[in-house]
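Values in this document were obtained by computation on a predicted structure and should not be read as measured data. Labels below follow one simple rule: chain letters A, B, ... track the order of the sequence lines, proteins then strands, and each chain is numbered from 1.
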Amino acid sequence: MSFYEFFCPVKILAGTSALEHIPHELRSLNAQRPLLVTDEGVRKVGLLAPVEKALSEGGLQFAATFDKVPPDSSVKVVSECARLYRQSNCDSIVAVGGGSVIDTSKAANILASENADSLEPFSGANALKRPLKPFFVIPTTAGTGSEVTMAAVIKDPDRGIKLPFASGFLLPNVAVVDPRMTMSLPPHLTAATAMDAMTHAVEAYTCMSKNPVSDAYASAAIRKISENLLHVVDNPTDENGRFELAQAATMAGIAFSNSMTGLVHSLGHQVGALCHVHHGMCMSLFLPYVLEYNLKSAGPAIGELLLFLEGAEVYAKTPAPERPKAAIAAIRKLRDALYARCKIPRTLSETGKVKREQIPTLARMALDDGTLAFNPEEVEYEDALGVLEKAWA
Amino acid sequence: MTLSEVSQKILGRPEVVRGYVNFMLGFMSRGIVAASQEDKTIQEEVAGFPAGFEVELQTLPDGPGMRLRKTPGNELALVTEGFWKKPTLAIQFKHLQHAWRVLTFQENTARAFANNRMIVDGEIAYAMRMVRILNRFQAMILPLPVAQKALKRVPQIPEEEKKKTALAIYTRLARNALRRS
């Protein structure tokens, strides 16, 4: 008999007028002076207006706004954010943005709640021992799933390290999935972030910590992305399609924060760090090659993906032994369609940013990535090298 | 009676379980020390740890456990004092029963980690390096059928190299034991 854990206490507000629920939810947590944390990009595309309007119509105002979060946040940015929280006498945090904004907000919430100046004592696994201040997240990309994950990573450039944080107390109280917030995402970012979510779901479904509850979230997320991604890339103003992708990203986030990810992430993290390729693009790039590598250990689970990727008819028509390869072929077909539409790279050479001589370094770096522990197939240096070589051409 | 039934029966006697886990962790820690003195690949891995690195494998809440320290010569040595100091890397079984399952090879380490039976506190990259050391150590000293149960996949080591290194590790283990006595 197996064993598993599953944990997700985040209240999800999803759909039409989701933003307008925020004032009530803040009040129910006894919060009335939220700090808005965001970045300049979000402000420039006008995404803050509906949030501010929803709040003011609900009788609340942001006590202060911190909009200086860079794409790759740092301990200094987090300290500035926490300082503004204290100076403005805030009592809660509302994050509006992507992964960096959300991670910065999680870390700033630690400093604000613990009344601390340094993040260091709270770094690592389960270092937080009590609940933090009320924390709301409004994602503006449909991919990272950070609105439902209990982790954050913040750079300390002076010491040349990244501080990891993992605790159930980092989870937001509320995640707001409102289709208005992802409408302005350009097609290539829509595709890349959706493939990030697709990879979260596929790895959650095929890696070692998979369990029946996370499988339910992962399979539903894969189905929603398969059915809607190309349609949304072709019709970016379709609100229903956008909403389906946003929900899928949240569901995939719940799945992978409980089941973890594997080799796609181990390799993708290194290509992102060394060659500065967008995370979602790295995920899309490696996904079929890693599934092929994992066929020996996770063949049946990969075969089941065909049902969620291609639907019941194709699944029923495909003989069981052929389903794993057919599922991988379906992912390749989706990637080809995305390449044709918005040049999402399918190989390392197509990125134009990776040099072939970097492959041995990438393989070596991948071995130190924690996600490797959850990959169903063991990975040694030669194995990582093999997958990278296949992903080159 | 099946192996699982035997295990269930023994689990009813916590003092036996504790004694076995204590013995196995003691054997493992001394074995890893010996392996780090004999095996070049393990020494290369140890070299990747920072100076003063300490790793602890502990059963919560109060042991049994073991602690190792990196030496200047890129070997690992047993730590016998200074336990008040937080180790660089702590790998903890959440319960004695979880340690029992792993150390009786009923559940491999990778599965125990995936099942959240263990906690890692410290830099993940160091934990991954330590896992590679443990994998190689187990592949060297365990008979193949046992290694296959203990590991996700037994590392490919040429038979001749494996025999030679295993003999060297066991010899060093015996020599170290004699020196202590």
Side-chain angles (χ1 to χ4, degrees), chain A residues 1-7 120-121 123-127 151 153 159 161-168 204 206-211 214 257-262 265-266 269-270 273 293-294 296-298 364-384, chain B residues 4 7-8 41 44-45 47-50 56 58 60 86-95 97-98 101-102 106-136 138-139 147-148 150-157:
Chain A
M1 194 189 295
S2 67
F3 167 85
Y4 67 88
E5 291 181 3
F6 187 91
F7 182 63
E120 181 110 36
S123 168
N126 302 308
V153 178
R159 294 163 63 203
I161 58 168
K162 284 184 172 181
L163 292 173
F165 302 88
S167 165
T206 55
C207 285
M208 286 185 73
S209 287
K210 77 192 250 74
N211 65 67
S214 68
S257 74
N258 282 280
S259 294
M260 310 308 286
T261 55
H265 277 76
S266 323
H269 287 158
Q270 318 318 320
Y293 178 75
N294 284 337
K296 203 171 132 198
S297 305
R364 218 166 289 119
M365 286 165 67
L367 298 185
D368 284 345
D369 196 286
T371 54
L372 215 55
F374 300 95
N375 196 65
E377 183 70 27
E378 184 63 275
V379 182
E380 294 180 64
Y381 173 70
E382 286 74 17
D383 305 313
Chain B
S4 157
S7 174
Q8 281 303 316
T41 307
E44 281 165 19
E45 292 286 7
F49 293 131
E56 187 176 76
Q58 178 79 4
L60 293 176
K86 198 181 170 200
T88 326
L89 174 70
I91 302 170
Q92 297 160 325
F93 288 106
K94 289 180 181 173
H95 194 280
Q97 275 201 20
H98 305 338
R101 290 180 64 81
V102 169
Q106 294 177 69
E107 188 167 83
N108 71 39
T109 318
R111 170 52 56 201
F113 188 59
N115 285 1
N116 274 315
R117 300 200 199 273
M118 299 159 88
I119 304 167
V120 172
D121 189 3
E123 188 88 15
I124 293 295
Y126 297 156
M128 298 304 291
R129 190 171 285 273
M130 196 63 215
V131 166
R132 293 199 291 275
I133 291 172
L134 284 169
N135 285 354
R136 186 165 172 89
Q138 292 182 89
Q148 281 167 336
L151 301 170
K152 213 195 274 187
R153 184 183 75 195
V154 180
Q156 296 288 311
I157 304 168

Nearest heavy atoms of N375(A) and K152(B), plus distance in Å
O-NZ, 2.6 Å
Is chain B contacted by the side chain of N258(A), its backbone, both, or neither, given a heavy-atom distance below 4.5 Å?
neither
Is there side-chain contact between E380(A) and N135(B), with at least one heavy-atom pair below 4.5 Å?
no
Under 4.5 Å to a heavy atom of chain B? For Y4(A) that would be neither
Answer yes or no: is there a donor N or O on one side and an acceptor on the other, between the side chain of R111(B) and the main chain of M208(A), under 3.5 Å?
yes
Part of M260(A) within contact of chain B (heavy atom distance under 4.5 Å)
neither
Locate the shortest heavy-atom distance separating R129(B) from D368(A); write the atom from each residue and the value.
NH2-OD2, 3.8 Å
Over 12 non-hydrogen atoms of neighbours within 6.0 angstrom of NZ in K94(B)
yes
I need the residue from I124(B), I119(B), N115(B) with the largest number of non-hydrogen atom pairs under 4.5 Å to chain A.
N115(B)
Looking at P164(A), G124(A), A373(A), which one has more heavy-atom pairs under 4.5 Å with chain B than the rest?
A373(A)
Interchain contact, E107(B) with chain A, by part (heavy-atom threshold 4.5 Å):
neither
Is chain B contacted by the side chain of E382(A), its backbone, both, or neither, given a heavy-atom distance below 4.5 Å?
neither
Please look at A127(B) and chain A and tell me whether the side chain, the backbone, both or neither of the residue comes under 4.5 angstrom of a heavy atom of that chain.
neither
Note: vs chain B, highest number of non-hydrogen pairs under 4.5 angstrom among S2(A), A127(A), S209(A) is S209(A)
So, the side chain of R117(B) versus the backbone of F3(A): is there a donor-acceptor pair under 3.5 Å, distance only?
no
Test side-chain contact (heavy atoms from CB on, under 4.5 Å) on L151(B) and E378(A); report intermediate values, then the result.
CA-CA 9 Å; L151(B) 301 170; E378(A) 184 63 275; 5.9 Å; no
State which residue, out of D369(A), L372(A), T371(A), fulfils the side chain to side chain contact (heavy atoms under 4.5 Å, CB included) condition with M128(B).
L372(A)
When rounded to the nearest 0.5 angstrom, what is the spacing between CG in N126(A) and CD in Q92(B)?
9.5 Å
